[in-house]
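Here the structure is laid out as structure tokens; the discussion comes afterwards.
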Amino acid sequence: MSDEVYRRQVARLFERSGFYREKLSRAGFVSPADVGSLADIAKLPFTETDELRQSQAAHPPLGAHAAVAVSETARIYSTSGTSGTPLYIPLTKADVEDWRAIGRDTYSKNGLKAGDSVVTTFGAGPFVAGASLAAFEAIGCAHIPVGVGNTDKVLAALKQLKPQALACTPSYGLYLSERISFKTSIERIIVGGEPGGGEENFRKKLQGAFGARVYEIMGIGDVAASLWGECEAQAGMHFSGEGWIHVELIDPDSGKAVAMKDGAKGELVYTHLKREAAPLLRFRSRDHVQVWTAKCDCGRASLRVRCIGRTDDMLIVRGVNVFPTAVREVVARFQPRVTGAILIRPKRRGVKQEPPLPVCIEGDNDSALAEKIGAELRNALTFTPEVRLVPPQSLPRSDYKSKLVDYSEAK
Ligand SMILES: [Zn+2]
């Protein structure tokens, strides 16, 4: 079934997307017949975010990769533009409906049901996170969007409206957990928008502060919002895009396929099987994950992942890949002597670093503690840190995504 849908999609790309017609031809695939079946997809070239930006800059407004004109779209989101020029993400009416169905599946896995109310603190507006709001409605939830940047409003909504669920980024969840001074009605906290929601100690802290369980979600703007969702078993996020999106796992360095088996690690690569407006082929997500293929305790057999970090946040310390979120996870093992907040301050610009790598950690001012954390980081992540303990609450907090690497001391 997927193969038939895939072949139709490839034929459509040849017909309607100048970007893919050219890209595939350059790689030796001059017709849909050359591309072949879904089983052969690994032969095709990857699509990178930079290519989409260039395509849009050269062929405004939507780019040569888009397969529709503006008049055929139902909605056009844009990326936040944190890493350059904003990129438009068009959807047709059918795409909007598909995203809603995928999101509905994801939040249902999180345990949301009709009659629940949910406070959200995601920045929606022009961003794809806004697409998740329709998913809450589709489930039958009362949705209370509070938005970004107003903690008093969040606390007031929790107190007065007594919602069953709260949706936020892991960074903001941590920030709120340090400010909650009353017993909330929250049963589940849905975290997403950045890596880190799967970290065990982070979850313990959040679950303790709210008396609620944490469920992680993950989406990717160019592919689909709310694409993965964790279930009651809390054993990784289930894939909700079956039939719509094809997933591959690759080694980010070599680009070679990694077999999807229990425990395998790699970067996720996505292909739209049905997307109409801006279908992508083998899109590199830069999300580095661990996968599980075995049936989950909840009974679902769909693929599960835990996000380890973003390959574009990654540092390489004398040949060792270091993910800032993984550093935060190891440091969190020392709670309550640390708060869980960290900031890596590289001594030089760029990805490649020489040890020791300076890591600022909020916690008790105790050299024995610093030594223990340093040893644990060396052990778990095989790089040598320079642990700098700093007073609690001295590192910057964010109500959206916390910065974990700060280059201001770099030379
Ligand atoms: Zn499950």
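Throughout, residue positions are numbered sequentially from 1 according to the sequence presented. All values derive from a computational prediction rather than experimental measurement.
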Subject >> Residues E72 and K93 bridged, charged N to O under 4.0 Å >> reply: no
Original post:
Where do S240 and T106 land on the side chain to side chain donor-acceptor pair (under 3.5 Å) test, with the steps shown first?
Top reply: CA-CA 6 Å; S240 302; T106 288; 2.8 Å; yes
Subject >> Under-4.0 Å salt bridge between R282 and E48 >> reply: no
Subject >> S185 OG to L166 CG distance, which is reported to the nearest 0.5 Å >> reply: 10.0 Å
Original post:
Charged N to carboxylate O below 4.0 Å: is that the case for E354 and R318?
Top reply: yes
**OP:** May I ask you to decide whether E200 forms a salt bridge with K205, counting only side-chain N to carboxylate O separations under 4.0 Å?
**Re:** no
Original post:
Is the closest side-chain donor-acceptor distance between S117 and H143 under 3.5 Å?
Top reply: no
**OP:** Step through the shown structure and confirm whether more than 12 heavy atoms of other residues, nucleotides or ligands are within 6.0 Å of CZ on F283.
**Re:** yes
Give every donor-acceptor pair under 3.5 Å between a side-chain atom in residues 322-330 and any protein atom, sequence neighbours left out.
from	atom 1	to	atom 2	distance (Å)
T325	OG1	I308	O	2.6
R328	NH2	P195	O	3.4

**OP:** Measure the CZ-CD1 distance between R104 and I139 for me, rounded to the nearest 0.5 Å.
**Re:** 7.0 Å
Subject >> Over 12 non-hydrogen atoms of neighbours within 6.0 angstrom of NZ in K352 >> reply: no
Original post:
Testing R188, R203, R300 for salt bridge (Lys or Arg N to Asp or Glu O under 4.0 Å) with E230, which one passes?
Top reply: R203
Original post:
For R333, which residues count as a side-chain hydrogen bond (donor to acceptor under 3.5 Å, both in side chains) partner, sequence neighbours excluded?
Top reply: E376
Subject >> Sub-4.5 Å side-chain heavy-atom contact between I41 and Y6 >> reply: yes
**OP:** Tell me whether the guanidinium CZ or amine NZ of R12 lies under 6.0 angstrom from the six-membered ring centre of F14 and within 45° of its axis.
**Re:** no
Original post:
Around atom CG of D297, are there more than 12 heavy atoms of other residues, nucleotides or ligands at under 6.0 Å?
Top reply: no
Subject >> Note: D95-R275 ion pair, threshold 4.0 Å (strictly below) >> reply: yes
**OP:** Apply side-chain hydrogen bond (donor to acceptor under 3.5 Å, both in side chains) to E409 and list each qualifying residue two or more places apart in sequence or on a separate chain.
**Re:** R388
Original post:
With the threshold set at 4.0 Å, does a side-chain nitrogen-carboxylate oxygen contact exist between E386 and K347?
Top reply: yes
Subject >> Polar side chain donor-acceptor pair, D262 to W292, under 3.5 angstrom >> reply: no
Original post:
Atom CD1 of I342 and atom CD1 of I344: how far apart are they, to the nearest 0.5 Å?
Top reply: 4.5 Å
**OP:** State whether a side-chain donor-acceptor pair under 3.5 Å links Y77 with R75.
**Re:** yes
Original post:
Which residues satisfy the side-chain hydrogen bond (donor to acceptor under 3.5 Å, both in side chains) test with Q56, sequence neighbours excluded?
Top reply: none
Original post:
In terms of heavy-atom contacts, does NZ of K261 have more than 12 from other residues, nucleotides or ligands at under 6.0 Å?
Top reply: no
Subject >> Electrostatic pair K23-E51, nearest N-O below 4.0 angstrom >> reply: yes
Could you pull out every donor-acceptor pair under 3.5 Å between side chains of residues 206-219 and any protein atom, sequence neighbours left out?
from	atom 1	to	atom 2	distance (Å)
Q207	OE1	V214	N	2.7
Q207	OE1	Q234	NE2	3.0
R213	NE	Q234	OE1	3.2
R213	NH2	E232	O	3.2
R213	NH2	Q234	OE1	2.5
Y215	OH	E232	OE1	3.0
E216	OE1	G198	N	3.3
E216	OE2	G197	N	3.4

Original post:
Does the distance from a Lys or Arg side-chain N to an Asp or Glu carboxylate O, for D287 and R310, drop under 4.0 Å?
Top reply: yes
**OP:** May I ask you to check whether H65 and S55 show a side-chain donor-acceptor distance below 3.5 Å?
**Re:** yes
Original post:
Which pairs count as ring-ring contact (aromatic ring centres under 6.0 Å, His included) when at least one residue sits in residues 102-121, sequence neighbours excluded?
Top reply: Y107-F136
Subject >> Ion pair check, K403 and E194, cut-off under 4.0 Å >> reply: no
Subject >> Spatial distance of atom CG (L161) from atom CD1 (I144) [nearest 0.5 Å] >> reply: 4.5 Å
**OP:** Answer yes if the side chains of T311 and H288 hold a donor-acceptor pair under 3.5 Å, and no otherwise.
**Re:** no
